[in-house]
Protein chains: 2
Amino acid sequence: MKKINIFNKESNSPSLEASSRREFFKKTAVYSAGALSAASVISPVSAKADDPAIMNEAPWGQKLGDPVDKNLYGMPSPYEHNNIRRTHPIFSSGDYYASVAMCPIHESEGIITPNGLFFVRDHGGTAHIDPKEWRLMIHGKVKKEIVLTLEDLQRYPSETRIYFMECPANGAPEWRGPQFNNLQFMKGLMSAAAWTGVMLKTILEDVGLDKDAVWMLAEGSDNASNPRTIPVEKALDDVMVVWAQNGEALRAEQGYPVRLIVPGWEGNLNTKWLRRLEFSDKPWHSKEETSKYTMLQKSGKAIRYFWVNEVNSVITSPCPEKPWTHLKKGDMVEIEGIAWSGHGTITGVDISLDGGNNWKKASLKGLVLPKSWTRFSYVIKWDGKPLLLASRATDDFGNIQPTIDEETSAVGVESVYHRNAIVTWEINKKGECNNVQIRKHNKKA
Amino acid sequence: MKKINIFNKESNSPSLEASSRREFFKKTAVYSAGALSAASVISPVSAKADDPAIMNEAPWGQKLGDPVDKNLYGMPSPYEHNNIRRTHPIFSSGDYYASVAMCPIHESEGIITPNGLFFVRDHGGTAHIDPKEWRLMIHGKVKKEIVLTLEDLQRYPSETRIYFMECPANGAPEWRGPQFNNLQFMKGLMSAAAWTGVMLKTILEDVGLDKDAVWMLAEGSDNASNPRTIPVEKALDDVMVVWAQNGEALRAEQGYPVRLIVPGWEGNLNTKWLRRLEFSDKPWHSKEETSKYTMLQKSGKAIRYFWVNEVNSVITSPCPEKPWTHLKKGDMVEIEGIAWSGHGTITGVDISLDGGNNWKKASLKGLVLPKSWTRFSYVIKWDGKPLLLASRATDDFGNIQPTIDEETSAVGVESVYHRNAIVTWEINKKGECNNVQIRKHNKKA
């Protein structure tokens with residue numbers, strides 16, 4: 001029989017009798033610092049016991065703080081003013097209307113990105129849509145063509161799923177030689193979130209597809225409209241029509257009120273400000289899949305309909321923005337990073353300290369979910385000597401990240417898309433962290 | 001042997017040949033609307049095919065949108081201005097310095113709350129701390145007393161975990177009769193987030209505890225300091241010292257730069273603006289655990305050290321703010337809500353349509369994690385008749401939510417804390433949704 005929980009209230013006073021506590025002591029090795037393995041002793045203490053910052057009462061503790069009604073929608077601490085998205089002229093049309101804003105992944109923690117920092121890629125600027133005026137038309141090779149309001153859409157049973165999103169141009173500056181010594185500009189064209197909406201499959205159960213409906217066109221209602229062709233196989237697999245991101249409505253720059261989520265596939269397929277889904281027996285060959293978002297190879301031919309963001313990883317701590325300059329010789333330190341694969345689930349990440357000659361297994365930590373960011377960790381005792389740090393991820397489809405040479409020999413360097421070669425950081429004696437491609441290029445460090 | 005992923009690039013053109021596609025067709029029932037079960041046909045279409053909103057080009061599509069550099073830290077769409085935290089005089093000291101701001105859980109999706117909407121409870125207002133000036137002292141019955149800077153703290157290996165947080169006064173307005181016909185004010189003293197920091201156990205491995213260190217004092221550096229006693233058993237189990245929430249630094253109102261996370265236990269134990277952890281063989285009996293945060297029973301005696309937020313649930317859709325007034329008789333609709341337990345993991349949620357006479361099993365959807373919000377779902381065809389909707393959650397410790405009568409008979413109505421009785425919504429013929437306690441009280445609806 002299940003207990004009625006309320007009865008627990010009567011015996012919920014402290015029950016930490018000496019006997020049970022002694023029992024508990026036996027179960028843990030924590031009660032003696034001497035019993036610990038060396039590896040677990042981090043001892044990061046740099047502050048002194050007579051540090052004025054701890055000896056004196058803090059100034060912020062001597063007065064009342066802000067009242068709660070000051071921020072009914074809260075913002076970051078002013079001390080975090082440096083943790084922002086960033087734009088760069090080489091990724092923009094010059095006016096920042098058709099442009100990108102990179103996510104500060106060097107400051108990210110865990111496997112979701114807060115909405116204020118989620119990377120942005122607009123083809124014609126951020127549209128602002130009155131949700132009452134929003135409509136979604138579903139037509140073409142379907143049994144029943146429909147037009148949905150937002151209220152209609154939200155009547156379907158909803159799902160919430162965590163997925164990364166990545167622009168295929170993430171890493172583009174690395175293809176034809178290094179351009180940045182900075183993780184945010186190198187790899188910040190991606191983010192991750194918990195998306196809430198309807199499985200497209202659920203809607204298609206309602207409308208019914210014709211047997212020869214094998215392609216779907218997704219189109220936005222912004223001025224760029226960004227039409228893209230998606231195979232129905234994918235639409236029926238895990239594609240979502242979403243209105244919420246990380247627990248609240250989508251932000252305008254993410255397609256408010258409704259966007260498509262195409263898990264693991266190129267970001268530009270995840271149509272923002274969605275207005276139309278059409279079904280056909282032929283692909284559309286739209287501008288964005290012929291002149292753009294194709295992958296030029298060394299043969300001079302281009303790969304079209306190249307959808308999946310491939311297995312990838314990068315070390316985020318250290319990185320050029322987060323060096324080891326504060327560490328002393330012999331300090332323990334955690335190497336941490338992000339791995340992801342549009343094919344499926346990350347199964348492992350290897351770490352090299354010597355530029356890829358030797359590899360060791362990192363730990364995956366926290367939630368490991370399909371088509372999501374996965375955090376990896378590797379703790380070392382740094383001897384103060386230079387290192388060449390690299391990570392190499394594998395996924396459950398048997399894919400493994402290539403080296404730069406492997407990637408270049410296969411597809412050349414003419415493309416700007418789908419860069420997933422291993423990234424290497426150089427740690428020098430001072431603890432500074434540099435992009436190895438930069439180092440090779442400049443012959444300085 | 002693992003494949004080098006790069007080679008996939010050469011064969012990544014469309015491969016949707018007729019044969020494989022026919023094979024795929026056999027595997028899905030989606031291709032004919034007629035083959036579907038009635039339950040899956042939601043058919044929420046209210047818009048007409050000649051709706052001007054879909055026939056005419058949208059005004060926002062006729063011009064460029066905002067450039068990406070306009071919002072380097074993004075904010076919600078102006079159309080979402082109503083999705084905010086809210087305060088109320090009955091929960092404040094009058095000036096909103098020592099007060100609460102309720103989370104709009106009726107607008108929440110999934111199992112995390114965006115940081116801008118996370119509920120706030122301050123005892124002396126929101127402190128603003130320069131992270132360079134922040135220190136954490138760990139002392140008392142430890143082998144080695146230490147003072148940590150933020151940089152020191154962040155050298156420990158980090159963990160990210162999703163937990164709900166709840167003020168024990170959540171639901172307080174319901175104890176001695178209903179006061180709100182509004183979910184946000186009834187149950188909005190809770191939220192949920194992904195927290196990143198160090199397991200306290202990891203730090204205690206470094207400092208080493210004395211054998212008689214069975215209690216820990218956690219103290220903030222704000223003017224209220226909010227000292228609370230926590231058993232070391234819990235500290236060594238799952239308590240975290242965190243600096244990030246949902247992937248970015250803690251917000252000021254959540255204790256920036258560092259707070260304690262005590263999973264599943266009363267919100268006030270999750271000390272914000274943390275400055276001190278002291279270990280002892282005796283509890284402290286601080287003001288906040290003697291005059292406050294005790295539970296007065298009908299006997300006149302108070303329960304002290306009542307830590308765990310018990311098994312609980314509430315239907316969030318519909319709710320008084322999200323009624324069914326837009327539904328027609330015979331419409332399919334999803335009943336959805338949140339369940340949570342500070343003891344562990346939600347194992348099930350039952351739904352009643354008749355005020356608790358009959359119960360049916362809801363589905364749990366999305367991630368089901370310990371001490372986290374868990375979403376439940378139950379789809380019905382509404383016949384347009386009045387309903388009394390209720391949810392009843394169970395957890396993996398065998399706890400089950402009590403009825404109001406069971407809770408009242410066990411602990412009386414003198415307390416304002418730990419309300420976890422079943423909440424019932426009345427749906428009337430118009431589709432309006434009311435708190436049943438309000439209905440009984442007013443004898444109106």
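Throughout, protein chains are lettered first and strands after them, A, B, ... in sequence-line order, and every chain is numbered starting at 1.
Arg375(A) CZ to Thr196(B) OG1: the interatomic distance, rounded to the nearest 0.5 Å, is 7.5 Å. Going from atom NZ of Lys365(B) over to atom CD of Glu159(A) covers 6.0 Å, rounded to the nearest 0.5 Å. Here the CD atom belonging to Glu253(A) is positioned 10.5 Å from the NZ atom belonging to Lys70(B), to the nearest 0.5 angstrom. Atom CD of Gln254(B) sits about 12.5 Å away from atom OG of Ser77(A), to the nearest 0.5 Å. To the nearest 0.5 Å, atoms CD (Glu151(A)) and CG (Leu327(B)) are separated by 8.0 Å. One finds the CG atom of Asn246(A) at 11.5 Å from the CG atom of Leu117(B) (value rounded to the nearest 0.5 Å).
Under a 3.5 Å cut-off, the side chain of Arg135(B) and the backbone N or O of Asp51(A) do not form any donor-acceptor pair. Although no hydrogens or angles enter the test, the distance criterion places a donor-acceptor pair under 3.5 Å between the side chain of Arg155(A) and the main chain of Met332(B). Between the Glu334(A) side chain and the Ser158(B) main chain, a donor and an acceptor come within less than 3.5 Å of each other. Judged by distance alone, the side chain of Glu133(B) and the main-chain N or O of Ala58(A) form no donor-acceptor pair under 3.5 Å.
Asp66(B) places a side-chain heavy atom less than 4.5 Å from the side chain of His128(A). The side-chain heavy atoms of Ile112(B) and Ile112(A), taken from C-beta on, include a pair separated by under 4.5 Å. The side-chain heavy atoms of Glu80(B) and Tyr73(A), taken from C-beta on, include no pair separated by under 4.5 Å. With a 4.5 Å cut-off on side-chain heavy atoms, Asn71(B) and Arg85(A) count as touching.
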### Message
Checking Leu369(B) against Leu367(A) for the side chain to side chain contact (heavy atoms under 4.5 Å, CB included) test, could you report, in this order, the C-alpha distance in whole Å, the side-chain angles of both residues, the deciding distance, and whether it holds?
### Response
CA-CA 10 Å; Leu369(B) 301 171; Leu367(A) 294 169; 4.1 Å; yes
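For the options Thr87(B), Ile129(B), Val100(B), heavy-atom pairs under 4.5 Å to chain A are most numerous at Ile129(B). Chain A forms the most heavy-atom pairs under 4.5 Å with one residue out of His326(B), Arg161(B), Glu107(B), and that residue is His326(B). With respect to chain A, the highest number of heavy-atom pairs below 4.5 Å among Glu145(B), Arg121(B), Met75(B) belongs to Met75(B). Taking Asp130(A), Asp122(A), Asn115(A) one by one and counting their heavy-atom pairs under 4.5 Å with chain B, the maximum is reached by Asp130(A).
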